[in-house]
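Reviewing the structure listed below.
Values in this document were obtained by computation on a predicted structure and should not be read as measured data. First the proteins, then the strands, lettered A, B, ... as listed; each starts at 1.
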Protein chains: 4
Amino acid sequence: MVEEEILLQQLFEEEKLTDKQKKILLAAIDTFSEKGYAATSTSEIAKKAGVAEGTIFRHYKTKKELLVSIVTPLISKVFGPFIVKDFHKVLDQPFENAEDFLRATIENRREVFKKLLPVIKIIMQEIPFQPELREQFVEQVAKKTYERILVVIQDYQDKGQIIDMPPASVARLAVSSIFGYLISRYIFFPESEWDDEIETERTVHFILHGIGKK
Amino acid sequence: MVEEEILLQQLFEEEKLTDKQKKILLAAIDTFSEKGYAATSTSEIAKKAGVAEGTIFRHYKTKKELLVSIVTPLISKVFGPFIVKDFHKVLDQPFENAEDFLRATIENRREVFKKLLPVIKIIMQEIPFQPELREQFVEQVAKKTYERILVVIQDYQDKGQIIDMPPASVARLAVSSIFGYLISRYIFFPESEWDDEIETERTVHFILHGIGKK
Amino acid sequence: MVEEEILLQQLFEEEKLTDKQKKILLAAIDTFSEKGYAATSTSEIAKKAGVAEGTIFRHYKTKKELLVSIVTPLISKVFGPFIVKDFHKVLDQPFENAEDFLRATIENRREVFKKLLPVIKIIMQEIPFQPELREQFVEQVAKKTYERILVVIQDYQDKGQIIDMPPASVARLAVSSIFGYLISRYIFFPESEWDDEIETERTVHFILHGIGKK
Amino acid sequence: MVEEEILLQQLFEEEKLTDKQKKILLAAIDTFSEKGYAATSTSEIAKKAGVAEGTIFRHYKTKKELLVSIVTPLISKVFGPFIVKDFHKVLDQPFENAEDFLRATIENRREVFKKLLPVIKIIMQEIPFQPELREQFVEQVAKKTYERILVVIQDYQDKGQIIDMPPASVARLAVSSIFGYLISRYIFFPESEWDDEIETERTVHFILHGIGKK
DNA sequence: TATGAATGAGTGTTCATTCAT
DNA sequence: GATGAATGAACACTCATTCAT
């Protein structure tokens with residue numbers, strides 16, 4: 001968890017949070033991710049954060065606002081294919097071939113997934129039930145990120161590197177493969193032994209060539 | 001929803017449930033799936049089912065037992081690649097080629113997914129938090145179903161129809177692609193227009209040949 | 001308090017309240033009247049009523065609903081000059097002279113005041129802050145009761161027994177005198193010795209002839 | 001409300017209050033009078049006064065002390081029949097007749113009532129529940145003012161202008177009539193059209209001659 | 001002197017569960 | 001078997017008050 005906390009700490013630093021606020025957020029992330037939002041009590045968060053229950057409500061008017069404050073600033077970071085600032089590089093000096101691009105994307109996403117695992121669990125759990133989050137998600141991911149992915153796909157289609165399936169379907173299939181890998185890796189079977197280099201290669205190969213022989 | 005209710009009714013019939021029990025289970029499925037287990041109150045279920053609160057607890061000792069009673073008998077049906085009784089046919093008279101097998105599997109899963117959507121949502125939501133369910137899931141899916149999948153994969157590998165990647169990885173990649181499709185189709189974007197025949201073909205083609213050109 | 005409780009018990013009987021509901025209402029009346037609505041906690045009421053706190057909310061959805069349930073059915077009984085069923089008698093076989101009418105009215109109101117003192121305190125305290133109560137009050141008292149008073153006043157004006165001041169002003173002045181008496185008697189100085197017969201006579205005399213000599 | 005604030009400002013000036021204290025008191029008067037003491041939070045007062053919450057408690061140790069600080073210095077001013085310094089004049093150069101005295105009293109009280117309406121509401125609301133205020137009230141009004149009233153009444157009785165009823169009863173009846181007028185005028189029906197000159201005359205006439213004909 | 005973050009006891013309300021009918 | 005009144009612990013949230021700055 002150390003690595004994860006460092007990343008979160010940095011993100012919090014950017015938002016100028018006080019020490020207590022950071023403690024509250026970390027405790028909330030921990031507990032929400034472990035037991036689910038609805039099954040987590042604010043008193044539990046307070047205890048884990050080492051603050052009084054009232055302190056939580058001084059910073060976040062409601063329990064839901066606390067959830068939103070955690071998830072909102074992280075949605076694009078988790079589901080954007082590269083962190084925004086890096087994305088322009090991809091377009092400006094694009095990877096020569098789709099294979100390198102895929103490999104880099106998977107590795108980049110894997111890093112983010114690993115570091116933000118608890119928040120990712122929260123996002124996945126709560127998006128179905130929290131309209132605010134869903135809206136954020138649609139805005140950030142389905143609109144911004146998705147459009148960029150389509151551009152990249154079309155780019156490689158133009159270069160003749162990937163087949164002429166509609167970009168939306170290509171995106172769906174590739175993204176499923178990548179997230180399928182990450183979810184298996186970090187959520188379903190985190191305790192298995194994983195050789196990440198090999199699995200990344202297999203995933204890249206699968207996305208490009210499938211499992212059919214010849 | 002009529003179709004779904006008919007399927008569930010049949011499943012209940014097999015278990016010899018009373019009329020009130022069926023009403024309770026249907027109301028619980030409805031509400032759990034809509035608001036999440038933890039955010040659903042038993043009084044709400046009672047009201048929707050048209051029974052007294054006490055009646056729920058006469059049949060299910062606790063709220064959690066109610067959840068388990070819904071999910072347990074459905075886990076294998078949802079995640080098994082074919083309903084158990086049909087599965088032997090696949091091994092006895094296997095599809096000549098992997099492509100036909102894949103196509104049949106996807107179509108079969110899609111039917112189940114569509115019909116049991118609310119229960120699937122509940123399973124996906126609650127497995128991370130309910131050890132009993134997780135155990136059931138591991139027992140039913142990860143052990144029984146998974147082993148069968150591996151056998152099928154090895155079968156096609158022996159026939160030289162799919163590549164020599166470790167079956168576990170093949171399974172992961174293929175299953176990701178199929179569930180990626182179904183989740184996009186029925187959970188993320190159920191309101192988009194989907195041409196299921198075409199998307200099935202694309203998914204089959206993707207699993208076998210990927211998106212790389214030539 | 002015994003006498004008061006008997007009256008309230010009768011009123012509750014009419015509304016078919018359960019035993020626990022009666023206990024809750026009596027405890028609430030007691031505490032609201034003693035400490036004020038806002039300063040009374042539901043846990044205090046529960047304790048005094050000898051029921052669980054949840055029981056209160058099973059019968060009254062909110063604390064405010066509890067208040068309204070107490071006050072509403074009593075407003076007209078407190079402020080109506082005679083209990084409704086008796087009122088027709090007054091018009092049908094009216095008192096020969098205003099003096100007898102006044103005397104009877106004061107004595108009747110004094111009985112009600114004495115018996116419903118705690119509820120009266122609550123009504124007086126909460127009407128300024130609870131729009132629902134205010135509305136009830138206006139409807140019951142300012143409309144129904146007030147109109148009847150005006151009719152009576154006009155009747156005695158027609159008979160030449162009281163002066164030709166506008167009935168609204170007559171009402172205001174007479175009612176002030178009567179309630180001024182009752183408030184002094186039961187709220188401000190309940191511990192002084194009061195000879196009610198004499199004070200009633202003085203009030204009647206005052207309303208009819210004032211304090212000016214000759 | 002401007003007029004009221006000017007009067008209060010003057011009263012505060014006499015007590016050498018700082019600017020922040022004045023703001024706090026005005027905000028507290030406003031809110032207490034509108035929502036009641038118990039239903040008003042100190043944070044609300046702080047916000048309305050434009051000061052920090054801590055500032056309130058620097059000046060007034062507790063919320064109750066704030067209430068007492070508002071009400072205490074005004075009790076005698078509201079309920080004394082004339083502002084204290086003027087009162088001696090009444091005794092020294094008394095009005096020739098009771099009628100003039102009554103008329104002057106009513107008009108004087110009406111001015112005070114109008115200007116201090118919010119404080120009056122607070123006093124009426126909180127005296128039943130705050131022993132300190134009750135004590136202040138008894139001390140200031142029931143003792144000082146009341147005794148003065150009795151003296152005046154006896155004076156007019158000696159002059160043969162009012163009847164030989166016990167002064168306490170005379171006081172009760174006259175005061176009820178006056179306050180009944182003011183409460184109707186400013187609290188119950190402030191929105192009706194009132195011709196104050198006429199109503200004052202009616203009240204004077206009523207107190208002296210009642211409503212009986214001849 | 002003024003601030004406002006922090007506190008923790010207390011609030012009204014909900015809830016899963018029990019049990020007498 | 002079915003009911004629904006009753007329970008009391010737990011919940012999200014508020015509040016008067018404190019205190020370091």
Residues in side-chain contact (heavy atoms from CB on, under 4.5 Å) with B/K22, at least two apart?
B/Q9, B/F12, B/E13, B/L17
Atom pair distance, as rounded to whole Å: NZ in A/K35 and C1' in F/dC11:
13 Å
Assess the side chains of A/Q130 and A/E126: does a donor N or O sit below 3.5 Å from an acceptor N or O?
yes
Please report, rounded to the nearest Å, how far the P atom of F/dA16 is from the NZ atom of D/K47.
12 Å
Starting from P on F/dG1, measure out to NZ on B/K23 and report it in whole angstrom.
17 Å
Can a side chain N or O of B/H59 be found less than 4.0 Å away from OP1 or OP2 on F/dA2?
yes
Expressed in angstrom and rounded to an integer, what is the separation of A/Q21 atom CD from E/dT7 atom P?
13 Å
Strictly by salt bridge (Lys or Arg N to Asp or Glu O under 4.0 Å), give each pair with a member in residues 57-67 of chain C just once, sequence neighbours left out.
none
How many whole angstroms separate atom CG of D/L17 from atom P of E/dT1?
15 Å
If you assign each of D/T55 and B/A39 to its closest nucleotide in DNA chain E, which residue comes earlier from the 5' end?
D/T55
Once Watson-Crick and G-U wobble pairs under 3.5 Å are found, how is DNA chain E written in dot-bracket notation, 5' to 3', with | for any base paired to another strand?
.||||||||||||||||||||
Could you tell me how far apart C/E44 (CD) and F/dG8 (P) are, to the nearest whole angstrom?
18 Å
Between D/V51 and A/T18, which has a closest nucleotide on DNA chain E that is more 5'?
D/V51
Can you build the contact string for nucleotides 16-21 of chain E? Use B for base contact, S for sugar-phosphate-only contact, and - for no protein heavy atom under 4.0 Å.
BBB---
Which atom names give the shortest non-hydrogen contact between C/I122 and C/I29, and what distance separates them?
CD1-O, 3.5 Å
To the nearest Å, give me how far apart CD1 (A/I56) and P (F/dC15) are.
18 Å
Any side-chain heavy-atom pair from A/E44 and A/K35 closer than 4.5 angstrom?
yes
Polar side chain donor-acceptor pair, B/E53 to B/S43, under 3.5 angstrom:
no
Which residue pairs satisfy the ring pair (Phe, Tyr, Trp, His ring centres under 6.0 Å) criterion with at least one member in residues 23-58 of chain D, sequence neighbours excluded?
D/F32-D/Y37
Taken in chain and number order and not counting sequence neighbours, the residues that satisfy ring-ring contact (aromatic ring centres under 6.0 Å, His included) with B/Y60 are none
Working to the nearest 0.5 angstrom, can you tell me the gap between B/L66 CG and B/L25 CG?
6.5 Å
C/L67 has an atom CG; how far is it from atom P of E/dT13, in whole Å?
12 Å
